Amino acid sequence: MRFRYFSLSVLVFLAACNNDHEVSKGTFETPAVTTAVVTTPDPVPVWPNDHVIEDTTAYTYGAEASLELAAVSEGASVRLQEMKIKGHLVKYTARAGHLTAYAQKDPNNPDKKDAQATIFYMAYTRDDLPRENRPVTFFWNGGPGSSSIFLHMGSWAPKRLKVNMPIMSPESKKTKPENFPWIDNEETLLEHSDLVFIDPVGTGFSQAIAPHTNQEFWGMDEDARIERDFITRFINEYNRQSSPKYLYGESYSGIRTPIVARMLLEAGTSNYEPDKSGKPAEVLTGMVLNSPILDYNSNTGQGGDASNAGFLPSEGMVASYYKKDKMRGQASAPEYTDTLRKFITEKYNPARSKWYAPGYSKWKSISGKTSEFSAMITAYLDTNPGAAEWYANKPEVIKYAEGWAKSLTGNPVDQAKFEADFPNDAKAAAALVTTIATAAAQSLAPPSWLPFTQTAPGIDFFKDMTSITGLDIDWAKEFEISYTRFMTKVMPELSLNPYDARLNIPKGAYDITFYEDAAFAAGIKAALPDMFNYNNTAQYKASNFDVIPPAWKYSRDSEMKYYRSSIPDLIQTLAYDPSIKMLVVHGYYDLVTPFHLTELDLKNVGLSGRIPVKNYEGGHMIYESEEARAPLKADLDKFYMAPAFPVSPAVAAQAVLLN
Amino acid sequence: MKTTYLVPTACMAAILTGIFQAQAGVIAAPVLANHPSDQIILKIGERLFFPPRDPSGTAGPKLTEEAMQKAVDERLKSRFEAASGSSSKLTAQQAKDAGWGFIADHFAEIDRDRTGFITFSDISRYMAVRSPIQPKQAPTPVQIIE
């Protein structure tokens, strides 16, 4: 398996070096990483003709949406392009269009073809290179409910939007930027791989095909199956059976990508059409997870009982950025984050174990909110001149109560009661949830905490927490704080973007979380015709967050335990093929999927040695930071050019030598 | 459909920034603008969405190497049973028909004695060698509290 690929690589090196063409400084001593392998193109390259598409299909994006089969076509627009990669002129094809994701063959009805969905994709391919050596990488963003727009327009395509995170123009401090410059991408991954950006059903121009409806594919396994089926169709259409294959997933795709990988490996080559080239098929070669979530249960972004230790190093880096910390000194980022990892093991965890009792964290957080809410409601109703009129508008008050109920209660029964009581007697409803939460927190508070707070180690611990986070608060009372609490306190006069907390605006200017959205929407609108010759008068659905997340099925197929994590799927993937290369990348300033949480998630299941995690001077979308791009690209270079992950002798012995 | 957990984020954003306008006119709803609290003020503009709250309100299981090994073993068993039906043996064709192409592709490696049939034990042993995790304890049944 892998050994054949390895020797092919050597042959390619030899072939390349035998040619007059200027080759990059490659050596024969793999795995030393060199610059780009700009291999000699095929003597008779097969470039397609340019092809313009005017797509007039009316794609729709609701849960029940569905396209008639007669309206579905599998064409792609084509435009030949060229660019310079590290000084070499490289030609490539830009294609945008649809392929149908057919269900896997039904053995009882092998001729039946179930067209499940029409999937929109945008691809950059070097059609001149032999397929068996030329990787192809499939990209998804997250949500769920996002198209591939951010990775496509911002990361590794031949051209990119320069976001320059976290630098903002003075105008951007007041209103969202409308444009970013669209520039040639010096760090394009086209250097190593063909690139395919995929829009899941309900995003981009992707839609279910009747009788299927969109929401059939809005679930953890349902979505993964469609992605698998699309990839299979792509492989068959473009004859990529023998190509090395990579998956690159961001954010929610930390859940999606391992599931897709596992499904691809389970299916093996059984859905591959015969490959006329006769070259050996390769199912999966490597996986990159960019700012992934791997386990919903360990991520306390929405509360819960798990430890917040995973967030502390990111908070420390953010505090350091704003010069609010006192612990870092002159330490580099790797040195300082190591200091923080050590602090967590030696001081934070022991302290937390004195503070923690099951359920206490949750109830303490709720009790804090209920107290504040009660005070606010009382003040409002007693002193605000418009209060009576507001309260008389029952539909509004009901909506208001529904908006607050979840964060003020600890279970669905109390939640429903609050929603029912509040429109009748707001103060009583607020008082009741406060009583419940305070009593619960008090009854659960571990007796070991208070004594600890008065000891020397306790006092030192709190001093360290202030040094690290920049927050001079009463840790004895406030521990354990969430990242949202940290964000409101570290720079109180600013709104920080949780996805890159260096990005900030004066409070209330606009919703900074969606900083890039308008400019990226403008970017793809121009890119589709200019880059791809793909024209569609309808608007590309960049995100569908009002519809998809509420409808998403977060439960798994019945035999899939641990449905809130993709870690079992990761383990299955690496067991199916132990030679698969893995890489996880994170940004220091991302408070939504903090880097140390991933490190802990992998450590807890024994995968630290197998799956490297690398961190950069960036946020969730690491590639939006100029400072992070070159180091991240350098690590991706090494990743793509590395040989297969070495398998144990026992695994190698399993491979049967075919005569 | 009443979705009380995720849809309100947009509502709450509006509430907290004071943009929320009552239908009746310009009466501003009560806001916590001067008393920010964790989670409330920052449920604005989510890009990463979470599953709904667990009905019991408890924490999910903490993932450990042993628990993961057990989960993966159980999945393998389910996969085998789906492919083999009531039989304890599996052929390459049966695996392929069940969409388990991996087994068909690697059949010769698993069916060392060339009978044309493999058992769950054969597959289990084959996969155990390949597992990226090697829990130190023997995979005895582990209590999984969900």
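Protein chains get the first letters and strands the later ones, always in sequence-line order, with residue 1 at the start of each. What you see is a predicted model; the values in this text were computed from it and never measured.
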A:R262 charged N/C atom sitting above B:F102 aromatic ring, 6.0 Å / 45°: no

For A:D414, is it the side chain, the backbone, both, or neither that has a heavy atom closer than 4.5 Å to a heavy atom of chain B? neither

Heavy-atom pairs under 4.5 Å with chain B - which of A:I611, A:L265, A:I548, A:I377 has more of them than the others? A:L265

Side-chain donor or acceptor of A:Q654 paired with backbone N/O of B:Y126 under 3.5 Å: yes

Roughly how far apart are B:D97 CG and A:N108 CG, rounded to 0.5 Å? 8.0 Å

Minimum heavy-atom separation for A:A575 and B:P132, please, with both atom names. N-CD, 3.9 Å

Below 4.5 Å, heavy-atom pairs only: which of B:K77, B:Q93, B:R112 has the largest tally toward chain A? B:R112

So which heavy atom on A:G606 is nearest to which on B:I133, and how close? O-CG2, 4.0 Å

Enter the distance from A:L294:CG to B:L63:CG here, rounded to the nearest 0.5 Å. 10.0 Å

Atom CZ of B:F117 with >12 non-hydrogen neighbours under 6.0 angstrom: no

Provide the closest heavy-atom pair for B:L48 versus A:Y499 in the form atom of the first, atom of the second, distance. N-OH, 2.8 Å

Which answer fits A:D295, side chain, backbone, both or neither, if we ask what part of it has an atom under 4.5 Å from a heavy atom of chain B? side chain

Using non-hydrogen atoms only, which part of A:Y510 is less than 4.5 Å away from chain B: side chain, backbone, both, or neither? neither

Which region of A:A653, side chain (C-beta onward) or backbone (N, CA, C, O), has a non-hydrogen atom less than 4.5 Å from a non-hydrogen atom of chain B, or is it both or neither? backbone

Contact winner vs chain A - B:S131, B:A104, B:G101, heavy-atom pairs under 4.5 Å: B:G101

Short side-chain to backbone donor-acceptor contact, B:R47 and A:T513, under 3.5 Å: yes

Could you tell me which portion of A:T593 (side chain, backbone, both or neither) has an atom closer than 4.5 angstrom to a non-hydrogen atom of chain B? side chain

Donor-acceptor pair, distance only, cut-off 3.5 Å: does the side chain of B:R130 make one with the backbone of A:V647? no

Between the OH atom in A:Y576 and the CG atom in B:D105, the distance rounded to the nearest 0.5 Å is 11.5 Å

Pick one of side chain, backbone, both or neither for A:N299, based on which atoms fall under 4.5 Å of a heavy atom in chain B. both

For A:Q104 and B:G99, which heavy atoms make the closest approach, and how far apart are they? OE1-CA, 4.5 Å

side-chain contact (heavy atoms from CB on, under 4.5 Å) evaluation trace for B:T64 with A:N604: CA-CA 5 Å; B:T64 63; A:N604 288 336; over 6 Å; no

For A:D569 and B:R75, which heavy atoms make the closest approach, and how far apart are they? OD2-NH1, 3.1 Å

Which of these, A:Y252, A:F545, A:Y296, A:W552, sits in a ring-ring contact (aromatic ring centres under 6.0 Å, His included) with B:F49? A:F545

With only heavy atoms counted, which part of A:S298 is less than 4.5 Å from chain B, the side chain, the backbone, both or neither? neither

